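Notes follow once the structure below has been shown.
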Amino acid sequence: MDIENKARIHWACRRGMRELDISIMPFFEYEYDGLSSEDKQTFVNLLECADPDLFNWLMNHGRPDDDKLFYMVKLIQEKNKNRGPVEI
């Protein structure tokens, strides 16, 4: 997926699982534009992972083997925590 195709990335952020939507959508909306090209690619790579894996990683029930994906999971958690609760 092209890191500049924001409409496609936005669509990929919608997971259909409330817990994932609450974590991923706000991060995309508030943080994506400020990411480096490398971090944008890592975020897109994370979106290509299966929902059960994303859920487990974002809920701290394990971690991805890939260190870049783990970095992105931690970044999403940190930015969302600093932003506070979000309703979707």
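The model shown is predicted, which means the values in this text are computed figures rather than measured ones.
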Interatomic distance, Trp11 atom CH2 to Met1 atom CE [nearest 0.5 angstrom]: 12.5 Å
The reported gap from NZ in Lys40 to OH in Tyr32 (rounded to nearest 0.5 angstrom) is 5.5 Å
Minimum side-chain heavy-atom gap Met25-His10 below 4.5 Å: yes
At what distance, to the nearest 0.5 angstrom, does CG of Leu35 lie from CZ of Phe28? 10.0 Å
Could you check whether any side-chain N or O of Gln77 sits under 3.5 Å from a backbone N or O of Leu58, counting only pairs where one atom can act as donor and the other as acceptor? yes
Hey, can you tell me if Phe43 and Phe27 have their rings parallel, tilted or perpendicular (30° and 60° cut-offs)? tilted
Counting only heavy atoms not in Arg63 (residues, nucleotides, ligands), do more than 12 fall under 6.0 Å from its CZ? yes
For the pair Asp2 and Lys6, find out whether any cationic side-chain nitrogen is under 4.0 Å from an anionic carboxylate oxygen. no
Under 4.0 Å between a side-chain nitrogen and a carboxylate oxygen: does that hold for Asp51 and Arg15? yes
Return the OG1 to CG distance between Thr42 and Leu47, rounded to the nearest 0.5 Å. 11.0 Å
Under a 4.5 Å side-chain heavy-atom rule over Ile, Leu, Val, Met, Phe, Trp and Tyr, are Phe70 and Phe55 clustered together? no
Provide the closest heavy-atom pair for Trp57 versus Val73 in the form atom of the first, atom of the second, distance. O-CG1, 3.6 Å
Gap separating the CD1 atom of Ile24 from the CZ atom of Arg14, nearest 0.5 angstrom: 11.5 Å
Is there a donor-acceptor pair closer than 3.5 Å between any side-chain N or O of Asn80 and the backbone N or O of Ser23? yes
Between CD on residue Glu48 and CG on residue Leu69, distance to nearest 0.5 Å: 9.5 Å
Met17 reachable from Ile22 in the ILVMFWY side-chain graph, under 4.5 Å edges: no
Donor-acceptor pair, side chain of Asp53 and main chain of Cys49, under 3.5 angstrom: no
What pair of heavy atoms forms the shortest contact from Val44 to Ile9, and how long is it? CG2-CD1, 3.8 Å
